[in-house]
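Accompanying notes for the structure given below.
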Amino acid sequence: MKIFDSRKTEYKSIVSAVATEEAVKLRIVVPRSLGCTGASLAVYKDGEETVYYGMFWAGMCGDDNEYWELHFSATTSGLYFYHFELDTPWGKSFIKNVGNGCGDFSIDGSDFQQTVYDKNFQTPDFLKGGIIYQIFPDRFYCSGKKKNNVPATRVMREWGDEPFWHESQMNGLWNNDYFGGDLKGIEEKLDYIKELGVSCIYLNPIFEANSNHRYDTADYEKIDPLLGTENDLKSLCKTAEEKGIGIILDGVFSHTGCDSKYFNLYGNYNSVGAYNSKESPYFDWYKFIDYPNEYQSWWGIKLLPEIIEENESYRDYICGENGVLRKWLCCGISGWRLDVADELPDIFLDDLRKAVKAENENAIIIGEVWEDATNKFAYGERRRYLLGEQLDSVMNYPFADAVLNFVKYGGAEGFFNAVMGIVENYPPCVLNVLMNHIGTHDTERAITRLAGENADGYGRDWQHEHNVLSAANYKKGISMMKMASLIQYTLPGVPSLYYGDEVGLQGMKDPFNRACFPWNDIDEELHKWYKRLGEIRNGCKAFVNGSFVPVFSGYNVIAYKRVADDNQVLVAVNNSSEMFDVYVGTEWDNSYNLFTPVSKDGYIRLSPKEFTLLTK
């Protein structure tokens with residue numbers, strides 16, 4: 001019997017963040033031989049003094065152990081940390097976190113984390129139980145519609161050619177090659193997207209910019225001319241809504257392009273930019289060190305001058321009543337994904353949420369945060385992204401790493417530890433809308449990361465040489481993608497599918513991961529698989545808000561449940577090279593199996609690399 005386990009309900013009644021004024025029951029199991037005469041919960045709010053709460057003796061646990069319990073609640077949101085202290089004839093004993101949520105007698109162990117969020121915090125329902133489809137707009141589909149006012153400096157490429165990657169190809173202008181994907185093209189392919197079960201499309205930046213990735217915003221108030229017009233966006237949003245699909249835009253608010261109407265380094269815009277004059281209305285937005293040529297830029301990239309987001313003028317421009325956020329929400333979008341959200345200060349995020357929710361309380365706000373977003377430090381302070389006043393969700397890189405590492409390398413215990421760390425720390429309303437990707441525009445393609453060589457530490461020349469999998473590795477990669485996506489689609493949160501992953505698109509890191517969608521070379525086996533996953537996900541209510549319950553881990557085998565009031569789903573995966581019988585309980589013997597293996601006498605027999613999904 002364990003002393004304490006913060007991830008099991010017999011020790012902690014709520015295995016997640018709790019709302020303000022919501023009581024959570026904590027129980028420890030203490031050896032009778034210890035002679036414990038008193039027990040306390042030692043808890044402190046981040047940055048404040050420790051407070052001690054007495055626990056009460058709650059009876060025997062067998063002949064050799066005893067229970068000590070209490071109910072804890074907090075009236076203010078924040079991050080709380082706790083451990084237990086015992087009074088014994090030999091002095092104080094401490095029960096601390098020794099890893100994986102387990103409490104044991106330790107002086108050197110860490111404190112447990114308890115996130116407390118505002119009780120009024122709610123996240124949009126439209127995304128729960130759904131599927132996100134991420135599109136890099138230039139590379140998805142070209143409608144052929146004539147574009148106006150496209151800069152002559154842009155290099156137009158043939159659809160399907162490899163993106164420029166070598167300096168000799170770029171003629172001094174990086175990220176200046178375009179393939180012509182546009183908003184009308186996305187609208188024309190909405191039926192294809194809907195067949196995948198998608199309920200939301202996330203678009204990489206679409207505002208006017210001077211790079212194909214468009215993270216160097218030139219004008220927040222205009223659609224990039226190669227992508228179309230404001231009316232094209234309105235049409236896309238309207239048609240998508242009719243099919244039950246929302247559109248999320250990428251908001252890049254920590255920096256702009258130097259070639260923009262706000263900075264105007266090259267004088268290409270009919271405006272007085274910050275670089276042109278200290279009298280510019282935008283001058284105070286930027287961090288000049290030695291005017292005008294020395295200024296702070298994003299990660300030292302001079303093409304991306306940093307914004308002072310605390311600046312009142314800038315905040316009003318983005319978050320004000322007539323600001324950028326509300327302008328595009330009025331066009332029909334369903335929310336925002338915030339680029340480098342951990343580089344946006346609290347005052348800006350506070351204003352952003354107020355603006356978005358004032359315009360549409362059901363709009364979603366998703367932040368790019370690569371770590372556990374509940375305990376992230378940035379700007380020298382603990383951030384409060386998910387306590388109810390800023391973000392609704394984040395891009396879930398911890399889940400992505402957990403899934404990909406398990407499928408590629410094994411390690412059932414490591415998988416569950418990573419997943420339960422997020423389940424334990426995040427508010428349930430956030431957990432249900434987490435953006436669960438296994439690949440994005442910032443990472444290798446999922447099939448390449450799974451079946452290809454590790455690109456870490458290698459430059460573009462090496463990546464170019466290793467960008468295409470061998471026939472054998474590609475075949476292996478298809479099987480690995482099926483296993484990874486099954487797990488991805490059944491974890492808490494919302495799976496996010498990066499365009500082309502569903503048809504076997506390969507690629508190392510940027511720009512190889514941003515290739516054109518291969519409309520004439522679709523892997524039908526994988527495409528059929530993803531459509532089936534969409535059907536399964538849309539047909540099981542447990543994926544909307546069902547709790548996550550680990551069932552088994554070991555020997556590179558995992559099994560877990562999603563449990564809702566009116567539906568349960570069980571997933572079992574054998575990632576070993578041996579046949580394995582995994583015990584799941586006889587209650588699953590008469591369940592409905594969506595793949596071949598079934599439960600018999602409480603056991604599921606799985607062949608090597610085999611998986612199953614049961615529902616009841």
Side-chain angles (χ1 to χ4, degrees), residues 1-117 119 372 374-377 381-382 384 386-387 413 416-417 420-427 550:
M1 189 96 181
K2 293 181 180 179
I3 296 172
F4 181 71
D5 190 333
S6 64
R7 298 174 180 176
K8 291 187 179 298
T9 54
E10 53 262 47
Y11 300 92
K12 184 168 179 275
S13 61
I14 303 173
V15 183
S16 71
V18 298
T20 50
E21 301 178 11
E22 181 179 20
V24 55
K25 181 180 178 180
L26 300 172
R27 167 191 279 178
I28 53 176
V29 180
V30 179
R32 186 73 170 169
S33 59
L34 198 62
C36 179
T37 57
S40 299
L41 171 72
V43 58
Y44 66 92
K45 188 177 181 182
D46 200 22
E48 298 182 3
E49 296 294 320
T50 301
V51 179
Y52 294 87
Y53 298 89
M55 305 178 72
F56 63 89
W57 188 84
M60 296 295 295
C61 175
D63 295 328
D64 301 322
N65 298 288
E66 57 191 23
Y67 293 121
W68 291 80
E69 298 177 354
L70 91 165
H71 286 81
F72 170 78
S73 63
T75 57
T76 58
S77 61
L79 212 57
Y80 291 75
F81 296 93
Y82 66 94
H83 65 267
F84 304 95
E85 298 186 9
L86 307 181
D87 296 319
T88 76
W90 300 274
K92 286 280 187 185
S93 290
F94 299 85
I95 300 171
K96 294 195 172 184
N97 189 350
V98 295
N100 297 354
C102 292
D104 207 343
F105 293 110
S106 171
I107 297 177
D108 300 325
S110 62
D111 283 350
F112 296 91
Q113 174 182 321
Q114 180 60 61
T115 310
V116 179
Y117 61 94
K119 64 182 180 181
D372 183 331
T374 62
N375 51 37
K376 168 92 177 184
F377 258 100
E381 62 183 357
R382 186 87 69 181
R384 48 183 176 83
L386 302 178
L387 299 180
E413 293 83 0
F416 274 127
N417 185 43
M420 287 305 300
I422 298 300
V423 170
E424 184 178 15
N425 289 347
Y426 281 47

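Since the model is a prediction, treat every value here as computed from it, not as a measurement.
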Does [Y] offer a backbone N or O that forms a donor-acceptor pair with the side chain of [X] under 3.5 Å?
{"X": "R382", "Y": "N375", "result": "yes"}
{"X": "K45", "Y": "S77", "result": "yes"}
{"X": "E22", "Y": "V116", "result": "no"}
{"X": "N97", "Y": "G99", "result": "yes"}
{"X": "T9", "Y": "K12", "result": "no"}
{"X": "T20", "Y": "K119", "result": "yes"}
{"X": "S73", "Y": "A23", "result": "no"}

Nearest non-hydrogen partners of D372 and Y426, listed with the distance
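Minimum heavy-atom separation between D372 and Y426: OD1-CE1, 3.3 Å.
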
Identify the two heavy atoms, one from W90 and one from S33, that lie closest to each other, and give their separation to 0.1 Å.
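Shortest heavy-atom contact: CH2-O, 4.0 Å.
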
When you check the side-chain N and O atoms of S110 and K96, is any donor under 3.5 Å from an acceptor?
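S110 vs K96: no donor-acceptor pair found between side chains.
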
Determine whether the side chains of E424 and S6 contain a donor N or O and an acceptor N or O closer than 3.5 Å.
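A donor-acceptor contact under 3.5 Å links the two side chains.
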
Assess the residue pair D104 and S106 against the criterion (side chain to side chain donor-acceptor pair (under 3.5 Å)); give the C-alpha distance rounded to whole Å, side-chain angles, the decisive distance to 0.1 Å, and a yes or no.
CA-CA 6 Å; D104 207 343; S106 171; over 6 Å; no

So that I know where these two stand, are F94 and F84 an aromatic pair - ring centroids less than 6.0 Å apart?
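They do not qualify: ring centres at least 6.0 Å apart.
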
Ring centers of F112, F4 separated by less than 6.0 Å:
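Yes.
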
Regarding R27 and the six-membered ring of Y11, is the cationic atom NZ or CZ under 6.0 Å from the ring centre and inside 45° of its axis?
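Not flagged: R27 not positioned over aromatic ring of Y11.
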
Starting at CG of L387, measure out to OG1 of T374 and round the result to the nearest 0.5 Å.
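Nearest 0.5 Å value for the CG-OG1 distance: 8.5 Å.
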
Rounded to the nearest 0.5 Å, what separation is found between the CG atom of D87 and the OG1 atom of T37?
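Going from the CG atom of D87 to the OG1 atom of T37 covers 5.0 Å.
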
